[in-house]
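Data block below; observations after.
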Amino acid sequence: MAYTVPKLTDYSRAALDRAVSELLSALGNEASKVKDESEWKTFRDRWMARKNGVLAQVNDLWLKGAPKEVKREAGQKVNLIKEQVEQAVAGAKIRYQIPILPTARVNSEISEVDFQRDAFAKSGRVDITLPGIRRPIGAEHPVIKTMHEIVSVFQKLGYSVAEGPVVETDYYNFEALNFPPNHPARDTQDTLFIAGQQAKPQRERLLLRTHTSPVQIRTMEKMHPPLRIVIPGQVHRNDPPDASHSPMFHQIEGLAVDTNITFGDLKGTLDHAMKALFGSSVKTHFRPSFFPFTEPSAEMFVSCFICGGSGRRGAEPCRPCKQTGWIEILGCGMVDPNVFEFVKENGYDPKKVSGFAFGMGADRIALLKYGVDDIQLFS
Ligand SMILES: [Zn+2]
């Protein structure tokens with residue numbers, strides 16, 4: 001039976017309290033049943049409609065008819081009821097919206113509920129009709145959290161996020177990135193190939209991408225320079241799992257292309273990013289290296305943020321930096337003109353544009369940041 005507002009004849013405190021408590025219990029009960037927008041509107045109108053809503057009836061039946069000596073107390077009760085109805089209507093709306101838009105709504109729910117709770121704390125009352133507070137279950141995975149942090153550092157520098165398929169063709173994973181046909185990374189020892197591709201020409205054969213770099217080519221095919229992108233994603237290698245290797249891991253890669261981009265831009269950008277990630281006191285250090293798709297190439301080290309670069313932690317040797325005071329973080333370099341040749345038609349004439357690229361393993365950085373000593377613990 002739906003709740004109806006009774007006409008009050010007995011205005012004793014006990015009778016008034018009982019009537020209020022019956023009304024609030026019906027309110028809480030109905031609020032808890034609201035499942036969607038249309039039910040919510042019905043609920044809101046039933047309780048708050050100016051004409052004949054429950055509140056309007058309470059006003060008419062309880063307040064207007066109250067004897068003079070209890071009018072003040074009845075007025076306070078009606079005000080309390082009004083507040084509770086408003087809270088319940090707002091709360092019911094937030095509650096049915098949550099399953100539809102999980103992340104976007106959870107924050108607004110918490111802040112709104114906190115706000116309501118504050119209001120009640122100030123008024124010295126507890127609102128038992130409020131829906132319970134839903135908290136998101138669990139926490140972000142340390143690798144995903146690390147990836148978000150890295151991506152956000154580059155987004156603040158004006159980079160946008162690009163993504164691409166995990167199952168790639170040989171062309172995007174190797175050929176267009178200037179891997180000569182006999183490069184060791186093409187060896188089956190390193191790459192996981194999709195079965196049954198032998199009938200296709202080599203460049204069309206499918207494999208699990210071994211790095212996020214194919215997305216550089218895919219993005220340059222779609223967008224003209226200037227370009228600034230950061231590419232997070234999953235990659236696979238045919239590595240047996242141990243404390244520092246996993247057949248599946250995550251990379252974050254960056255690419256900047258424009259006229260007159262120099263190695264100085266590369267160093268300045270990465271130095272800033274490392275300070276943003278590991279603290280303003282870290283130093284960076286570049287050593288020459290080789291990658292097929294960059295020329296010149298470098299490995300970048302940051303001063304060990306665990307021992308402060310001393311190589312020791314008190315009497316103990318610092319293991320993460322192997323007592324050197326430096327930790328290798330990423331590979332980088334100036335985009336090889338041979339790579340631009342593959343996307344020349346889209347405005348990437350190597351005579352006119354230059355660029356830099358860098359890539360880092362997100363899992364390894366998460367291991368360092370959170371002091372975890374086995375990558376298998378992340379899976
Ligand atoms: Zn160290």
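Every number for a ligand or one of its atoms is a count from 1 in the order of the listing. In this text the structure is predicted, and so the values were computed from the model without any measurement.
We find that Arg203 and Glu175 are joined by a salt bridge, their nearest charged nitrogen and carboxylate oxygen being less than 4.0 Å apart.
Applying the side-chain hydrogen bond (donor to acceptor under 3.5 Å, both in side chains) test to every pair with at least one member in residues 65-78, sequence neighbours left out, gives these pairs: Arg13-Glu73, Asp17-Lys77. Screening residues 143-153 for side-chain hydrogen bond (donor to acceptor under 3.5 Å, both in side chains) gives Glu140-His148, Glu149-Lys369 as the qualifying pairs, with residues at least two apart or on separate chains.
Cation-pi contact between Arg209 and Tyr172: absent, since separation from the ring centre below 6.0 Å together with deviation from the ring axis within 45° is not met.
Without hydrogens or angle criteria, Asn52 side chain to Gln57 main chain gives no donor-acceptor distance under 3.5 Å.
Cluster partners of Val235, by chain and number: Phe249. The rule joins Ile, Leu, Val, Met, Phe, Trp and Tyr whenever side-chain heavy atoms lie under 4.5 Å apart.
Near-neighbour remark for the Zn ion (ligand 1): protein N, O or S atoms under 2.8 Å are Cys304 SG, Cys307 SG, Cys318 SG, Cys321 SG; waters not counted.
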